[in-house]
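Structure record follows, encoded as structure tokens.
Any value given below was found using the heavy atoms of this structure, including those in side chains, with hydrogens, waters and symmetry copies removed.
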Amino acid sequence: MGKAMNANNKLTLALQAMDKWFDRQKRVLPWRNDPSFYRVWVSEIMLQQTQVVTVIPYFERFVARFPTVQSLAEAPLEDVLLLWSGLGYYSRARNLHRGAQEIVKNQEFPKTRESWLAIPGVGNYTAGAILSIADNQPEAILDGNVERVISRLRKVSREKGESLYKATLWTISKDLVELGHEHRICPSNLNQALMELGATVCIPRNPRCLLCPLTEICEAYKSQEQGSYPPKKKPKEWIIVEENLHCFVNETGEVLLRRRGSGEWRAGLWDLLEQKPQNLKVKPFLLGEIESRHIVTRHKIKRSTQIWRVKNVSGSEDLRWVPLKNPNLPMGSALKKTIQKVLVEFPGILSS
């Protein structure tokens, strides 16, 4: 009983030290100003599998264009995708748009984990982050940064399987935020402190343990096994994708793009054509071919693109001529890289 109380007291003191550390060391991030449900939700969706430094300018542009959930819900999906263009994982943008429409329909933001989980694109971590940061509810979180902190803190192993490993981490995260809440550490600060610690101090390689407020209770630090935690996952299994595309450029320097349909990969985004148009009145002239390689989540993509000079192809709702140098349509990074490569390797393509 005495040992348990002593351990609990040490943990409480460590959490209080982390709370003070966060107040002193936290980064200035745009979503931390006015942490409303809307702003926290948008930032957390953007931060899924994306680094903070990448997200900041996208977040600022996004909330400037869509300052409220109402404005986002009423916007055309193409406008949302255009602002998201280059950030990747475009299902996040589509889910955010659908989620905004559901929230407006319900006339309020969700207030419980269960109701947030019903919003498209929101999982357990995102629900906990929104509720704790925007509403100070003692809800658990577990992203990659928090996983690293907790796994080192308690030397959590994967030996008994991935599901038990994750369940253990979630339980510890829940215990930490609830204990902190009992001792008047606001959940918003505690959860953000865990994330900040993982992002800036308890980093994957060469963690800065001498700067960490939790060293007194960190089991990995005591045994000098920080490098063994989190335990390694099984190697990623890659999916190989080969795409054969056609880049049609007309005599005025415009490129013909197709909007990908519902159910297709990258739905709603514009890309090059996979087949030649049927309404060619004049046979196109092949200028050459380029190759590019891209990685998207578990996909390794090889794109082979034939470059054609063409004319007399009519557009349609999902087939559009746009300036090759500035398409200004929602598109993925693969198409952006392809266009840049075309402009470099075919410098005369904009000439008539």
Side-chain angles (χ1 to χ4, degrees), residues 29-31 35-106 109-110 115-127 129-130 133-134 143-144 241 243 257-272 294-299 301 303 317-318 320 322 326-339:
L29 301 174
W31 45 86
S36 63
F37 273 118
Y38 178 66
R39 290 169 64 87
V40 173
W41 172 47
V42 171
S43 70
E44 288 298 335
I45 296 298
M46 286 188 168
L47 286 164
Q48 290 172 359
Q49 302 186 59
T50 309
Q51 293 183 341
V52 167
V53 68
T54 302
V55 166
I56 289 173
Y58 280 92
F59 176 83
E60 291 176 330
R61 288 193 294 266
F62 197 89
V63 296
R65 172 64 178 83
F66 309 117
T68 65
V69 68
Q70 183 86 31
S71 61
L72 176 57
E74 293 174 353
L77 177 59
E78 185 162 304
D79 289 1
V80 178
L81 290 171
L82 182 58
L83 272 181
W84 203 275
S85 186
L87 194 58
Y89 305 102
Y90 292 90
S91 61
R92 296 181 298 173
R94 290 188 287 271
N95 285 334
L96 203 60
H97 189 243
R98 286 171 51 215
Q101 292 173 336
E102 288 191 22
I103 290 167
V104 168
K105 182 180 177 182
N106 295 333
F109 281 95
S115 54
W116 266 111
L117 289 173
I119 299 296
V122 174
N124 261 324
Y125 160 73
T126 304
I130 295 168
I133 296 171
D143 68 350
V241 178
E243 297 181 333
L257 299 182
R258 179 182 75 88
R259 181 165 51 194
R260 290 179 175 262
S262 176
E264 288 187 79
W265 193 20
R266 314 183 194 109
L269 299 184
W270 293 78
D271 207 341
L272 299 171
H294 315 272
I295 292 179
V296 179
T297 55
R298 297 186 300 119
H299 300 83
I301 306 167
R303 286 167 66 103
E317 184 179 349
D318 294 321
R320 191 179 299 179
V322 295
N326 183 27
N328 199 32
L329 288 174
M331 63 182 68
S333 59
L335 175 56
K336 289 183 177 181
K337 289 178 182 177
T338 299
I339 289 175

Worksheet item: Can you pull the side chain to side chain donor-acceptor pair (under 3.5 Å) pairs that have at least one residue in residues 327-339, sequence neighbours excluded?
Response: Ser85-Lys336
Worksheet entry | Which atom of Val104 lies closest to which atom of Ala73, heavy atoms considered | CG2-CB, 3.7 Å
Discussion item. Contact between Ile133 and Trp31 at the side-chain level, heavy atoms closer than 4.5 Å - yes or no?
Written reply: no
Item to complete: Can you sort out the partners of Val296 under side-chain contact (heavy atoms from CB on, under 4.5 Å), two or more places apart, ordered by chain and number?
Response: Trp265, Ile301
Worksheet entry | For Gly268 against Pro330, the heavy-atom pair lying closest together | O-CG, 4.2 Å
Worksheet entry | Considering all heavy atoms, the nearest Gly121-Ile45 contact | O-CD1, 3.7 Å
Discussion item. Can you give me the closest heavy-atom contact between Glu44 and Ala129, atom names plus distance?
Written reply: CD-CB, 3.8 Å
Response to the item:
Which of Phe62, Tyr58, Tyr89 passes side-chain contact (heavy atoms from CB on, under 4.5 Å) with Trp84? It is Phe62
Practice prompt. Measure the spacing between CD of Glu243 and CG of Leu272 and express it to the nearest 0.5 Å.
Written response: 9.5 Å
Worksheet item: Of all residues at least two apart in sequence or in a different chain, which pass the salt bridge (Lys or Arg N to Asp or Glu O under 4.0 Å) check with Arg65?
Response: Asp79
Practice prompt. Go through Phe109 and Val69 one step at a time and tell me if the side chain to side chain contact (heavy atoms under 4.5 Å, CB included) criterion holds.
Written response: CA-CA 9 Å; Phe109 281 95; Val69 68; 3.8 Å; yes
Item to complete: Measure across Ser262 and Ala267 and return the closest heavy-atom pair with its distance rounded to 0.1 Å.
Response: CA-CB, 4.3 Å
Discussion item. Holding to salt bridge (Lys or Arg N to Asp or Glu O under 4.0 Å), I want the full list of residues that pass it with Arg92, two or more places apart in sequence or in another chain.
Written reply: none
Worksheet item: Going from CG on Leu96 to CE on Met46, what distance comes out if it is rounded to the nearest 0.5 angstrom?
Response: 7.0 Å
Worksheet item: Is a side-chain donor or acceptor of Trp116 paired with a backbone partner of Pro110 at a separation under 3.5 angstrom?
Response: yes
Worksheet item: For the atom pair CG (Leu72) and CD1 (Ile103), what is the distance rounded to the nearest 0.5 Å?
Response: 9.0 Å
Discussion item. Would the distance check show the side chain of Thr50 and the main-chain N or O of Gln48 forming a donor-acceptor pair, the cut-off being under 3.5 Å?
Written reply: yes
Item to complete: Hey, could you give me the CG/CG distance between Leu87 and Leu81, rounded to the nearest 0.5 Å?
Response: 11.5 Å
Item to complete: Kindly compute the distance separating CH2 (Trp270) from CZ (Arg258), expressed to the nearest 0.5 Å.
Response: 9.5 Å
Fill in: side-chain contact (heavy atoms from CB on, under 4.5 Å) partners of Ala75, counting only residues at least two apart
Phe66, Val80
Item to complete: Heavy atoms only: give me the nearest Leu257-Pro327 pair and the separation to one decimal.
Response: CD1-CB, 4.4 Å
Worksheet, complete the sentence: Hits for salt bridge (Lys or Arg N to Asp or Glu O under 4.0 Å) against Asp143, two or more places apart or cross-chain, chain-then-number order -> none
Practice prompt. Would you give the length of the straight line joining atom CD1 of Ile56 to atom OG of Ser43, rounded to the nearest 0.5 angstrom?
Written response: 11.0 Å
Practice prompt. Using modelled atom types only, decide if a donor and an acceptor are shared between the side chain of Arg266 and the backbone of Asp271 within a distance under 3.5 Å.
Written response: no
